[in-house]
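Below: the structure, in C-alpha cells.
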Amino acid sequence: PTGAGLASSASGFAALALAATAAHELELGFKELSLLARRGSGSACRSIYGGFVEWLKGKREDGLDSYAVPLFPDNELKLGMLVLILQETPKAISSREAMKKCVQSSPLYAGWVDSVEIDLKTIRTAIKSEDFSWIGTIMEHNCLKMHAVMLAAQPPILYWKPETLTLIEEVYTLRQEGIECYFTIDAGANLAILAQEEHLSFLLHHFESKAEVQRVILCRPGKGVILCNT
C-alpha cells in the first residue's frame with residue numbers, strides 16, 4: 001500500500017533511480033544510485049542495498065556526502081519481517097507534513113534528534129555482535145520515541161488505531177511466552193514485526209488469524225536493487 005506508513009517512497013525511489021539511469025544507459029555505482037535515490041526520498045538511499053544499511057547524514061550543503069553504506073555484509077543473523085496490514089488507505093497526514101509539524105511544535109523533537117547518535121552507535125555494536133535481542137530492543141524503543149514526538153506536537157499527530165495498540169500488546173505477550181519478536185511502526189497504523197527465521201512460520205499463521213489484521217506480508221532481506229528485463 002502507498003502512503004500508508006510502509007516506506008513505499010523508499011522502495012519506489014530506489015527502484016526509480018536504477019530504472020531511470022538504466023533507461024539513459026548510465027552505469028552508476030551503488031553510491032551514486034544511493035545519492036540519486038535520496039533526492040526523491042531520504043530513506044530510499046538505504047534501499048539501494050540489501051541487508052543492514054546505514055544512512056550517513058553528511059555535512060556538506062550540496063548533500064554529496066549524505067548517502068547509504070552497507071553494514072557488516074557477512075552478518076549471519078537470519079531475520080525476517082512480518083508486515084501487518086491494518087489499513088491500506090493513504091493516511092490523512094503525509095510523513096513530510098508530520099515531520100514539519102514536529103520540528104515546529106513538538107517539545108520532544110530536540111531530545112529525539114539528540115538520541116539518534118546514541119541509538120546508531122549502540123545498534124551498530126548490536127548488529128556486529130549478532131545480538132538479536134539487543135537489536136530488537138533498540139529498534140522498538142527508537143520507534144516509540146518517534147511516535148512520542150508526534151503525540152507531543154501541536155496539534156498532536158496520532159497515526160495509531162485501536163488495533164495498533166492491541167497488536168503491540170500481542171507482541172509483548174508473545175515475548176513473555178518465549179516467542180521473541182519486536183515491533184516497529186513508521187508514520188502510519190501498520191506494524192512490522194522483526195523475528196528470527198525459526199519463528200517466522202509460527203508468527204505468520206498467528207497474526208493471519210487475528211481479526212485486527214487484514215493481511216500479512218512476509219519479508220526477508222533482499223540483495224538490493226536489481227535490473228529486471230521483462
Side-chain angles (χ1 to χ4, degrees), residues 1-83 85 88-91 93-100 102-103 113 116-117 119-121 123-124 127-128 135 139 142-143 146 159 184-188 190-192 194 197 215-230:
T2 300
L6 289 172
S8 56
S9 62
S11 56
F13 279 106
L16 180 61
L18 179 59
T21 54
H24 285 275
E25 299 183 349
L26 300 174
E27 296 184 6
L28 301 187
F30 272 28
K31 175 182 174 181
E32 289 74 22
L33 286 170
S34 181
L35 279 164
L36 184 60
R38 183 185 58 75
R39 292 177 176 269
S41 172
S43 53
C45 71
R46 297 179 307 213
S47 296
I48 295 296
Y49 300 92
F52 291 105
V53 182
E54 179 181 344
W55 176 9
L56 305 177
K57 66 179 181 180
K59 296 179 180 178
R60 293 173 48 158
E61 287 192 13
D62 61 11
L64 292 179
D65 58 348
S66 179
Y67 53 91
V69 293
L71 281 180
F72 314 117
D74 297 328
N75 190 286
E76 295 186 4
L77 273 175
K78 292 184 174 18
L79 304 179
M81 268 192 158
L82 298 166
V83 180
I85 306 294
E88 302 218 19
T89 54
K91 56 202 179 189
I93 304 173
S94 71
S95 299
R96 188 181 298 271
E97 184 62 25
M99 180 57 75
K100 187 197 246 179
C102 287
V103 172
V113 172
V116 168
E117 292 296 337
D119 283 354
L120 192 54
K121 180 180 179 181
I123 206 164
R124 274 197 218 104
I127 295 168
K128 186 176 182 179
I135 292 169
M139 178 193 76
N142 184 274
C143 155
M146 183 186 80
Y159 284 118
T184 186
I185 310 168
D186 206 343
N190 304 305
L191 290 83
L194 182 70
E197 181 69 38
R215 62 188 175 107
V216 182
I217 304 171
L218 174 59
C219 307
R220 290 183 172 88
K223 297 185 182 299
V225 291
I226 56 171
L227 192 63
C228 301
N229 295 315
T230 57

task: Just jot down the salt bridge (charged side-chain N to carboxylate O under 4.0 Å, His left out) partners of Arg220, sequence neighbours excluded, or say none.
output: Glu197
query: What's the spacing between Arg96 CZ and Ser41 OG if we round to 0.5 Å?
result: 7.5 Å
query: Can you name the side chain to side chain contact (heavy atoms under 4.5 Å, CB included) partners of Ile93, sequence neighbours left out?
result: Glu97, Ala98, Ile157, Tyr159
query: Can you tell if the side chain of Ile123 reaches within under 4.5 Å of the side chain of Asn142, non-hydrogen atoms only?
result: no
query: Any side-chain heavy atom of Leu79 sitting closer than 4.5 Å to one from Phe52?
result: yes
statement: Those residues at least two apart in sequence (or on a different chain) that pass salt bridge (charged side-chain N to carboxylate O under 4.0 Å, His left out) with Glu88 are Arg215
field: Main-chain N/O of Ala68 paired with Ser34 side-chain donor or acceptor, under 3.5 Å
entry: yes
field: Pairs where residues 60-74 contributes a residue and the test salt bridge (charged side-chain N to carboxylate O under 4.0 Å, His left out) is met, not counting sequence neighbours
entry: Arg60-Asp62
field: Approximate separation, where rounding is to 0.5 Å, of Thr21 OG1 and Glu32 CD
entry: 10.5 Å
- prompt: Would you find a donor on one side and an acceptor on the other, under 3.5 Å apart, between the side chain of Asn190 and the backbone of Val83?
  reply: no
- line: Rounded to the nearest 0.5 Å, the CG atom of Leu18 sits from the CD1 atom of Ile226 at a distance of 9.0 Å
task: Could you list all the salt bridge (charged side-chain N to carboxylate O under 4.0 Å, His left out) pairs where at least one residue sits in residues 38-57, not counting sequence neighbours?
output: Glu54-Arg124, Lys57-Glu117
message: Working to the nearest 0.5 angstrom, can you tell me the gap between Leu16 CG and Ser11 OG?
response: 11.0 Å
query: Do Leu71 and Lys128 have side chains that get closer than 4.5 Å, going by heavy atoms?
result: no
field: Check: Leu194 and Thr184 side chains under 4.5 Å, non-hydrogen atoms
entry: no
- prompt: What distance separates Leu36 CG from Cys45 SG, expressed to the nearest 0.5 Å?
  reply: 11.5 Å
statement: Quick note, ring-ring contact (aromatic ring centres under 6.0 Å, His included) partners involving residues 5-31, not counting sequence neighbours, are Phe30-Tyr49
Which atom of Ile185 lies closest to which atom of Leu191, heavy atoms considered: CG1-CG, 3.9 Å
- request: Could you go through the side-chain contact (heavy atoms from CB on, under 4.5 Å) check for Met146 and Asp186 one step at a time?
  value: CA-CA 9 Å; Met146 183 186 80; Asp186 206 343; 4.2 Å; yes
- line: Heavy-atom closest pair (Ser66 atom, Leu56 atom, distance to 0.1 Å) is OG-O, 3.0 Å
